[in-house]
Amino acid sequence: VQLQASGGGLVQPGGSLRLSCTASGFTFNYYTIIWVRQAPGKEREAVSCLSTIDSGTFYRDSVKGRFTISIDNHLSTAYLQMDNLKPEDTAVYYCATDTRPSWGGLCLTYRSDFDHWGQGTLVTVSS
């Protein structure tokens, strides 16, 4: 059972990246998928989450309108499309799965104790 985030890199401000989160040994069915980031010297924060139960999606205010979370039909790969990137988006991005309630954006408050947690991918936004 493994999660792996990929797709990070160096991008200029205003640019785009698409992160992928691949599940091995299980599928995302019945889980909430959470994209979490941690910038140097800052606390870990969830930026977006998606419930596979009701398809609800939630975004942190700072990324609303710029990031889009999605999942493939096989429920084995999740994505985070990041547009109009800003220097403050620089961080290591992780994907996680969780079975705690997601309604109302609760999933955005989760920072640890995930059911699955994978290696992250570094996103650097700089000119």
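FYI, the numbering just counts along the sequence from 1.
Hydrophobic cluster membership differs between L108 and Y93, with clusters built from Ile, Leu, Val, Met, Phe, Trp and Tyr side chains linked at under 4.5 angstrom. Transitive grouping of hydrophobic side chains (ILVMFWY, heavy atoms separated by less than 4.5 Å) brings I71 and L80 into a common cluster. Linking Ile, Leu, Val, Met, Phe, Trp and Tyr whenever their side-chain heavy atoms come within less than 4.5 Å puts V47 and Y59 in one cluster. There is no path of hydrophobic side-chain contacts, each under 4.5 Å, that joins Y110 to W35. Each of V36 and L17 belongs to its own hydrophobic cluster when Ile, Leu, Val, Met, Phe, Trp and Tyr are linked at side-chain heavy-atom distances under 4.5 angstrom.
Residues D72 and Y79 have side chains in contact (heavy-atom distance under 4.5 Å, counting atoms from C-beta outward). Here the side chains of L19 and V123 are in contact, with some heavy-atom distance below 4.5 Å.
Here the closest heavy-atom approach between residue I34 and residue A46 is recorded as CG2-CB, 3.8 Å. What you find for F28 and A78 is that their closest heavy atoms are CE1-N, 3.6 Å. Taking both residues in full, the closest heavy atoms of L85 and V11 are given as CD1-CG1, 3.5 Å, listed atom of the first, atom of the second, then distance. The shortest non-hydrogen separation linking F114 to T97 is CB-O, 3.6 Å. Here the shortest heavy-atom pairing between C49 and T32 reads CB-CG2, 3.9 Å. When all heavy atoms of C21 and L3 are compared, the pair lying nearest together is SG-CD2, 3.7 Å.
Formation of a donor-acceptor pair under 3.5 Å by the T90 side chain with backbone atoms of V125 is found in this model. Proximity of a side-chain donor or acceptor of D115 to a complementary backbone N or O of T99 within less than 3.5 Å is detected.
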Criterion side-chain contact (heavy atoms from CB on, under 4.5 Å) on R37 and V63, from CA distance to verdict:
CA-CA 12 Å; R37 69 184 181 189; V63 307; 4.0 Å; yes

Assess the residue pair D89 and M82 against the criterion (side-chain contact (heavy atoms from CB on, under 4.5 Å)); give the C-alpha distance rounded to whole Å, side-chain angles, the decisive distance to 0.1 Å, and a yes or no.
CA-CA 9 Å; D89 295 318; M82 305 186 297; over 6 Å; no

Hey, mind stepping through S112 and R44 against side-chain contact (heavy atoms from CB on, under 4.5 Å) and telling me if it holds?
CA-CA 9 Å; S112 61; R44 186 184 300 167; 4.1 Å; yes

Step-by-step side-chain contact (heavy atoms from CB on, under 4.5 Å) determination, L106 to R100:
CA-CA 9 Å; L106 268 179; R100 288 173 286 183; over 6 Å; no

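Aromatic ring pairs are classed by plane angle as parallel below 30°, tilted from 30° to 60° and perpendicular above 60°; the pair F26 and Y31 is perpendicular.
Under the 6.0 Å cut-off for aromatic ring centres, Y94 and W117 qualify, their centroids lying closer than that.
Of the charged side-chain nitrogens involved, at least one lies within less than 4.0 Å of a carboxylate oxygen, so that K64 and D61 count as a salt-bridged pair.
Other residues, nucleotides and ligands place more than 12 heavy atoms under 6.0 Å from the CD atom of E88.
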